[in-house]
Amino acid sequence: MKIDLLHKPTEYMETVIILQEENGDIEKLEYLPEYLQNAINIVVKEDDFQFKYASLKSFPFIRSRKRTNVILCGIGNPKELDNDRFRHLIAISIREALKLEAKEAYIYTGFKNPLSELHFGHILAEAALLTGYRFDKYLSETKPPSLEAIHLAMELKNPRMFNRGVLEGRIFAEATNLARDLVNEPANVIYPESLAETAKKVALKYGFSIEVFGLDKIKRLKMEAFLAVGKGSKKEPRLILMSYHGNPHPKAKTIGLIGKGLTYDSGGYCLKNCQGMVNMKNDMSGAAAVIGTMAAITNLKLKVNVIGIVAACENMISGSAYHAGDIIRSMSGKTIEVVNTDAEGRLTLIDAIHYAISREHIDEVIDIATLTGAAAATFGNQISAVLANNEALLNKLQSASEFTGEKIWQLPLYEPYKELIKSEIADLKNTGGPLAGTITSALFLQEFVAGKPWIHLDIAGTALRDREQGIYSYGATGVGVRLLTQLLRELE
Ligand code: BES
Ligand code: MN
Ligand code: ZN
């Protein structure tokens, strides 16, 4: 999709989007042909269209047998316009344009823009590309090609900043859409080996380093918790190690990004029901977020050092699967009583975290995982749960979240609940029972972060959408890619 600034009025326009403030006098919009301006004025008056925040109205205008689709979008009070609201406005007007099968849209703005030109460009490009995403490769009936170009008809003081923003927004959206593709692919296509192969292709394309460990190497590393989860599957596990070195300073910190990579989660012998299983191809959304983030930060050439790790496997049933009741020794040496084979994500994560700390010497740990249904029950599909042992790191994440619009909400690492994951016969058990599931899962992970600054993101609720809305289409959201990328920019 081409996104640029328009420098002269155009004779014919197939699609026109007007972003206008509420109750503002509709003055003549720059570069807008007179006949269109007049038509808009009439429709606005006749329908008493107020341009309230996120209100939409579209109508066709025909002139010399050519049709122009006009989309009016209210922005409300421009003083209340922030990144998130602006992203949403672009998303809904682009969605309307897509419904009208637009190929080329012209955007006019009738308001005083409080956003910086950098952010304006970033959010415009990001929102347009995220909204334009669809996963339709398995549909036999091909849909019409989607939006090819957006022209912003506007005089800017600093077009260079705007263009830089567009470039950044593109990088954010492209990496997010990459993660969406990985998550949307079903488990018969994406399994540990193919996930690793895809990650290799991504690494080659963007230019970060990658190494993949197979079964033998994982066994030699004694990652028995990770191995236990994958034992029941015919598909061998893979440990995917990605690294990006952007800061040559000898004292520079290394940030570890750990993504849950269950390419399928049947629940194991503590089997899920059919309804609970359908979406479990998405149980590698954390892994996809990490792979997408690696791509974005390499593309942005950030001055940070990052190790991305995914312990990829499949939680299945067979004669070789792990049992409920098994006691396993994690790579760290701590033993775990498996009281529920469906609490598998944390078993894979702790070995990945321990490996990252002991072998890759990471200084800070950020993990992202579709870990507990409880996070979805608590926060729904718009807010990710976050638990952290470090205020400073959390504050940075908070400000990243404000920029990207990916909402997060903190839950406590409440010490007394550690009682719930104590076992009589092993150091820990892998679930804390039905109460406070998101908190107890995080307390379990905390036992393996060796006191390092650490953030845990539970995206079980936010990784998927069951209908299109704003920048989201049906299926994977790509949550975490923009959030982690922005966090790493703040850590630069
Ligand atoms: N992958 C699931 C969590 C999940 C549930 C993600 C729904 C997305 C939507 C995870 O492995 C799991 O099964 N968790 C269990 C934990 C329980 C056994 C302690 C859960 O949430 O029920
Ligand atoms: Mn599970
Ligand atoms: Zn799972």
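Numbering of ligands and ligand atoms starts at 1, following listing order. Computed from a predicted model, the values in this text were never measured in an experiment.
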Handout entry: D283 near the Mn ion (ligand 2) via N/O/S, less than 2.8 Å
Key = no
Practice task
Kindly indicate, with the supporting measurements, whether the criterion salt bridge (charged side-chain N to carboxylate O under 4.0 Å, His left out) is fulfilled by K260 and E344.
Solution key: CA-CA 10 Å; K260 173 172 170 182; E344 83 300 334; 3.0 Å; yes
Practice task
Say whether R346, considering both its backbone and side-chain N or O atoms, lies within less than 3.5 Å of an N or O atom on ligand 1.
Solution key: no
Practice task
Consider every N or O of A343 and every N or O of ligand 1, then say whether any pair is closer than 3.5 Å.
Solution key: no
Practice task
Would you name the N/O/S atom of D265 that lies closest to the Mn ion (ligand 2)?
Solution key: OD2
Exercise for the section: Would you check if the side chain of N315 reaches a backbone N or O of T341 as a donor-acceptor pair within less than 3.5 Å? Expected result: yes
Exercise for the section: Just jot down the ligand 1 atoms closer than 4.0 angstrom to any heavy atom of T431, in number order. Expected result: 19 (C)
Problem - F172 and H122 aromatic centres sub-6.0 Å - result: yes
Practice task
Considering just N/O/S atoms, say which atom of D265 is closest to the Zn ion (ligand 3).
Solution key: OD2
Problem - Per-atom contacts, ligand 1 versus T370 - under 4.0 Å to a heavy atom - result: 1 (N), 2 (C), 3 (C), 6 (C)
Handout entry: Nearest-contact summary for atom 6 (C) of ligand 1 - protein heavy atom, Å
Key = A460 CB, 3.6 Å
Handout entry: Metal site the Zn ion (ligand 3): N/O/S of K260 inside 2.8 Å
Key = yes
Exercise for the section: Look at atom 22 (O) of ligand 1 and say whether a protein heavy atom is found at less than 4.0 angstrom from it. Expected result: no
Practice task
Please determine if R465 forms a cation-pi arrangement with Y472, meaning its NZ or CZ atom is less than 6.0 Å from the six-membered ring centre and no more than 45° off the ring axis.
Solution key: yes
Exercise for the section: Please work out which of N340, N282, T372 has its closest non-hydrogen atom nearest to atom 18 (C) of ligand 1. Expected result: N340
Practice task
Of all N, O or S atoms in E344, identify the one at the shortest distance from the Mn ion (ligand 2).
Solution key: OE1
Exercise for the section: Given salt bridge (charged side-chain N to carboxylate O under 4.0 Å, His left out), test K231 with E236 step by step and report yes or no. Expected result: CA-CA 8 Å; K231 272 196 328 180; E236 278 188 13; over 6 Å; no
Handout entry: Check: V290 and I258 side chains under 4.5 Å, non-hydrogen atoms
Key = no
Handout entry: Other residues, nucleotides, ligands: >12 heavy atoms within 6.0 Å of K303 NZ
Key = no
Exercise for the section: Provide, to 0.1 Å, the distance between atom 10 (C) of ligand 1 and the closest protein heavy atom, together with that atom's residue and name. Expected result: L371 O, 3.3 Å
Handout entry: Check ion pair R134-E468 (N to O, under 4.0 angstrom)
Key = no
Practice task
For atom 20 (C) of ligand 1, find the nearest protein heavy atom and state the residue, atom name and distance (0.1 Å precision).
Solution key: G373 N, 3.9 Å
Exercise for the section: Check ligand 1 against E344 and write out every atom of the ligand that is under 4.0 Å from a heavy-atom position of the residue. Expected result: 11 (O)
Completion exercise
Note: L257 and T293 closest approach over all heavy atoms is CD1-CG2, 3.8 Å
Practice task
Using only N, O or S atoms, tell me which atom of D283 is closest to the Zn ion (ligand 3).
Solution key: OD2
Problem - Output field: ring centroids H119/F86 closer than 6.0 Å - result: no
Completion exercise
Restricting E344 to its N/O/S atoms, the closest one to the Zn ion (ligand 3) is OE2
Problem - K222 NZ: over 12 foreign heavy atoms closer than 6.0 Å - result: no
Practice task
Among all protein heavy atoms, pick out the one at the shortest distance from atom 12 (C) of ligand 1; state its residue, atom name and that distance to 0.1 Å.
Solution key: D342 O, 3.2 Å
Exercise for the section: For ligand 1, note which part of M277 has a heavy atom under 4.0 Å away: side chain, backbone, both or neither. Expected result: neither
Fill in the blank from the handout: closest protein heavy atom to atom 7 (C) of ligand 1 is M280 CE, 3.7 Å
Fill in the blank from the handout: Atoms of ligand 1 under 4.0 Å from any heavy atom of D265, numbered from 1 in the order shown, are 1 (N), 2 (C), 10 (C), 11 (O), 13 (O)
Problem - N-O pairing of K253 and E364 below 4.0 Å - result: yes
Practice task
Please work out whether the ring planes of Y414 and Y417 are parallel, tilted or perpendicular, with thresholds of 30° and 60°.
Solution key: perpendicular
